[in-house]
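Since the structure comes first, as structure tokens, the remarks are kept for the end.
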Amino acid sequence: MNAIFKREVSSYFNSLIGYIFLGAFFAASGVLFSITSVSQNPQDGLLYLTTDMSSMFSILFFVLLVLIPILTMRTLSEDKKNKTDQCLLTAPVSVTSLVLGKYFASFLIYLLGVGMTLVYAIVLSFFGPVVWLEVLGNVVGLILVGAAFIAVGILISSLTENQVIAAVGGFVSMCALYLISSIAAVIPVDWIAKIFTELSFADRYYTFTYGIFDFSNVLFFISVAVIFIFLTIRVLERRRWN
């Protein structure tokens, strides 16, 4: 797995994907930080700096819907297009190690992007008190939802050899996961609507932005990541024996 991991990490920076993802993430989070960190006092109309970063983290969820499909689109589709997947599948390495190596490489690049949000918090600490437990809770929530989305994106990438299709498929899949709560609101059967509500990525993520650290939400995102990684392994194992 280490060899696959190192190969994938280097490939992100040998191509433009790593730079595009990090550049776009830094730019988007920087703009959101500059916008949400300045508020207006309704009493006197003056602008003031706020150390509450929850608004930035809330909007970053939508940024992930666009950027994570770009990050994951080439993970397995590129190997399939270049026919190098046959070499990997017949190499003396398990399919599980192959998938995990690629997953953790993507996750590492993602963590580099998320790490910038801590830099913003440090900058704010020079201007006022920062509630670090709330900031760390938001960062954990961002990491967890990203871990789940990356697993979804890698599964989509394993199903096609076209990177554009993988990116679009990942975007559509992640948007569908985001809209689960909206779908639940129009379902007339209560128990079905409740199931959909429990599966809502948005509701569980926004709980972190409110400063609430719920272990069930942590377990939910980890479970989703594990399930989609398992499905990806099954897809590759089926291809290996076919």
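Note that the structure is a prediction, hence the values are computed from the model and not measured.
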What heavy-atom pair brings [X] and [Y] nearest, and what distance separates the two atoms?
X      : Y      : value
Ile180 : Leu199 : CD1-O, 3.6 Å
Ile156 : Ser173 : CD1-OG, 3.6 Å
Ala147 : Ala225 : O-CB, 3.8 Å
Ala166 : Ser157 : CB-CA, 4.0 Å
Phe196 : Ala184 : CB-CB, 3.5 Å
Phe149 : Leu64  : CD1-CB, 4.4 Å

Quick one: does [X]'s side chain get under 4.5 Å of [Y]'s, heavy atoms only?
X      : Y      : value
Met53  : Asn138 : no
Val139 : Phe208 : no
Val9   : Leu108 : yes
Val123 : Tyr120 : no
Leu112 : Phe21  : no
Tyr205 : Tyr178 : no

Hphob cluster co-occupancy, [X] + [Y], side-chain heavy atoms under 4.5 angstrom:
X      : Y      : answer
Leu60  : Phe213 : yes
Val114 : Leu136 : yes
Val119 : Phe126 : yes
Ile122 : Leu142 : yes
Val152 : Phe62  : yes

Quick one: which of Ile165, Leu76, Thr232, Val235 gives a side chain to side chain contact (heavy atoms under 4.5 Å, CB included) with Leu159?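 Result: among Ile165, Leu76, Thr232, Val235, Val235 is the only option passing the side chain to side chain contact (heavy atoms under 4.5 Å, CB included) with Leu159.
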
Checking side chain to side chain contact (heavy atoms under 4.5 Å, CB included) between Ile68 and each of Ile70, Thr72, Val66, which is the one that passes?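 Only one option passes, and that is Thr72.
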
Taking atom [atom1] of [X] and atom [atom2] of [Y], what is their separation to the nearest 0.5 Å?
X      : Y      : atom1 : atom2 : answer
Ser106 : Glu8   : OG    : CD    : 7.0 Å
Leu231 : Leu236 : CG    : CG    : 11.0 Å
Met56  : Ser34  : CE    : OG    : 10.5 Å
Leu71  : Ile17  : CG    : CD1   : 8.5 Å
Ser77  : Gln163 : OG    : CD    : 4.5 Å
Phe57  : Tyr206 : CZ    : OH    : 13.5 Å

Take atom CG of Asn14 as the centre, draw a 6.0 Å sphere, and report whether it contains more than 12 heavy atoms from other residues, nucleotides or ligands.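 Yes, enclosed.
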
CZ/Phe13: more than 12 non-hydrogen atoms of other groups inside 6.0 Å: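 Result for CZ/Phe13: enclosed.
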
Between Ser15 and Arg74, a side-chain donor and acceptor under 3.5 Å: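 There is no such pair (donor and acceptor under 3.5 Å, judged by atom type) between the side chains of Ser15 and Arg74.
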
Donor on one side chain, acceptor on other, Asp214 and Ser216, under 3.5 Å: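 Ser216 and Asp214 do have a side-chain donor-acceptor pair below 3.5 Å.
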
Relative to the ring of Tyr110, is the ring of Phe25 parallel (under 30°), tilted (30 to 60°) or perpendicular (over 60°)?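 Phe25 and Tyr110: perpendicular rings.
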
Holding to side chain to side chain contact (heavy atoms under 4.5 Å, CB included), I want the full list of residues that pass it with Ser97, two or more places apart in sequence or in another chain.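 Applying side chain to side chain contact (heavy atoms under 4.5 Å, CB included) to Ser97 gives Met1, Val93, Ser94.
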
Hey, are Lys102 and Glu78 close enough for a salt bridge, meaning a charged N less than 4.0 Å from a carboxylate O?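 Answer for the salt bridge query: no.
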
Tyr19 ring center near Tyr12 ring center (under 6.0 Å):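 No: the rings miss the under 6.0 Å criterion.
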
Are Phe201 and Phe61 an aromatic pair, judged by ring center distance below 6.0 Å?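 That pair fails the under 6.0 Å test.
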
Worked verdict on Val99 versus Val95 for side-chain contact (heavy atoms from CB on, under 4.5 Å): CA-CA 6 Å; Val99 174; Val95 175; 4.2 Å; yes

